[in-house]
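What follows is a short report on a single structure.
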There are 2 protein chains.
Amino acid sequence: LAAGGALPVDVASAAVAGGRKVLVIGLKGEADERLQAFPYAGVEWGQIGRIVQLMSDHGGREVVFAGTVVRRPNFRAIGSLDMGALRLLPRLVAAMVGGDDTVLGNFLKVIEERGFELVGVADVAPDLVAVAGAVAGPRASAAGLVDAGVALTAARAIGALDSGQAAIVVNQRVVALEAAEGTDSMIKRVGDLVATGRVNWSGRAGVLAKCAKPGQDLRLDMPVIGPRTVELVAEVGLAGVVVEAGRVILAERAQTIAAAERTGTFVIADDGGGPADQ
Amino acid sequence: LAAGGALPVDVASAAVAGGRKVLVIGLKGEADERLQAFPYAGVEWGQIGRIVQLMSDHGGREVVFAGTVVRRPNFRAIGSLDMGALRLLPRLVAAMVGGDDTVLGNFLKVIEERGFELVGVADVAPDLVAVAGAVAGPRASAAGLVDAGVALTAARAIGALDSGQAAIVVNQRVVALEAAEGTDSMIKRVGDLVATGRVNWSGRAGVLAKCAKPGQDLRLDMPVIGPRTVELVAEVGLAGVVVEAGRVILAERAQTIAAAERTGTFVIADDGGGPADQ
């Protein structure tokens, strides 16, 4: 089940490479066009009956969710709800009010009741998961490792609020915390803060941390960084990125590593025992 | 010592009303022009020697800091440093790297060493401090009180990171957390999130919470809301505001209350025992 971004392409490729018979069900308006190179069906928001039917016709048992959703569905999307969705409507409406995780959780219950098994991106494409240590780019400075530790602490604290997954720390000061705006938007905000003089530093300094929320179901929704994340981090003058090892995906891994090398941005993965030892 | 915004005007008025002999030392480019109705001297960033001289000449002993600083000083401001500042330069440079609180803390040490006593806005203008209970606007709904509790929890959690003082929660979901951008900018961001469809809700819902950081020196820097805060909250469709009783200032109190009544926005103050009982 593919939403936006390049990650679903990586996942579908890895699934085929792993010998699986793949059907990509892409969300219209979000799914990458390259996915149509695989056996493919497009669906609209709310076509839950159609999705279940497509999955049954395909004959597979494993389901993977991948990709990002830029726009959440709202009640204007009700015109595209099919009979499968209408039967679930009371549960979904209650869930939408509670946030995206709950919508996905309810949809998951439905497909599990139909005998399908949810598997994670990490199960189908394990090479995409960040492994502890230096991932790419230059060696982190001592100051960079301190900022990485502070940023991870901040990211974990807001994760515990079920808010965002990311934080930015420059010279030990927390300058941005993610909530509904998403990681890319939060990084761009730091560029605005520099432009307006609200924050300033000299040279490259500061770290973006990204980690999973404590209770996050990694089969449904695993945190992701990609080449664009690294490019944005470099554009606003941050020195590097730290991710939680084993719980964050490197989408477009080769391009992400190339972006880190090209822009001189360190990328490290922390295994929970403090900043990654290089 | 006056920076930007209307709060220093309220504080100077309250000090005069309380029988104090006042000298306002205003930061050029930030201080409100109305302050020049009081005995007044303007200073540039970094004129620490001049500030101490002005204070000594005036003969007073109590010092109050009030007002907001939109732009932090940076090293380009070094041209306006006077001899008093140059003597302190190593300490201040070290402090600037550590963030605003540390700069203020070091400046405070300097003026206390000269025999001055720092007093808080709350000491000079106690009527400006939020008192527990309903402050203004309509009665909060049950859902509003729940959001207020969740938002206060989030604001306290990020305060513990020494990040921001404010959070916004809509239907129990954390949609924005403040760090370096400031409260007004964070509220406006929620308007952008609604406009781009990343968050949505029907009617007025959601709450801005603002509180002091756990270790915050309230004599130096007390959190503030004002009429503009309430107007922005209403503009983005939030239902209300909750502040921490006894630790947040209502700047331009009458206008803040009028803004709450005019825009139908509840303003409540919580005394730490859960959402304010109305």
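Letters A, B, ... mirror the listed sequences (proteins, then strands); counts begin at 1. FYI, side chains are in, hydrogens and waters are out, and symmetry mates aren't considered; it's all heavy atoms of this structure.
- Side chains of A/I158 and B/L177 form a contact here, defined as non-hydrogen atoms less than 4.5 Å apart.
- Of the two parts of A/L161, the backbone and the side chain both hold a non-hydrogen atom closer than 4.5 Å to a non-hydrogen atom of chain B.
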Distance-only donor-acceptor hits, side chain of residues 180-188 of chain B, under 3.5 Å, sequence neighbours excluded:
unit_1 : atom_1 : unit_2 : atom_2 : d
B/E181 : OE1    : B/A179 : N      : 3.0
B/E181 : OE2    : B/R189 : NH1    : 2.9
B/E181 : OE2    : B/R189 : NH2    : 3.3
B/T183 : OG1    : B/E178 : OE1    : 2.9
B/T183 : OG1    : B/K210 : NZ     : 2.9

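- Contact count versus chain A (heavy atoms, under 4.5 Å) is highest, among B/V190, B/T153, B/V174, B/D192, for B/V174.
- With a 6.0 Å radius and a threshold of 12 heavy atoms from other residues, nucleotides or ligands, A/E231 has its CD atom above the threshold.
- Using a 4.5 Å cut-off between heavy atoms, B/A157 contacts chain A through its side chain alone, with no backbone atom that close.
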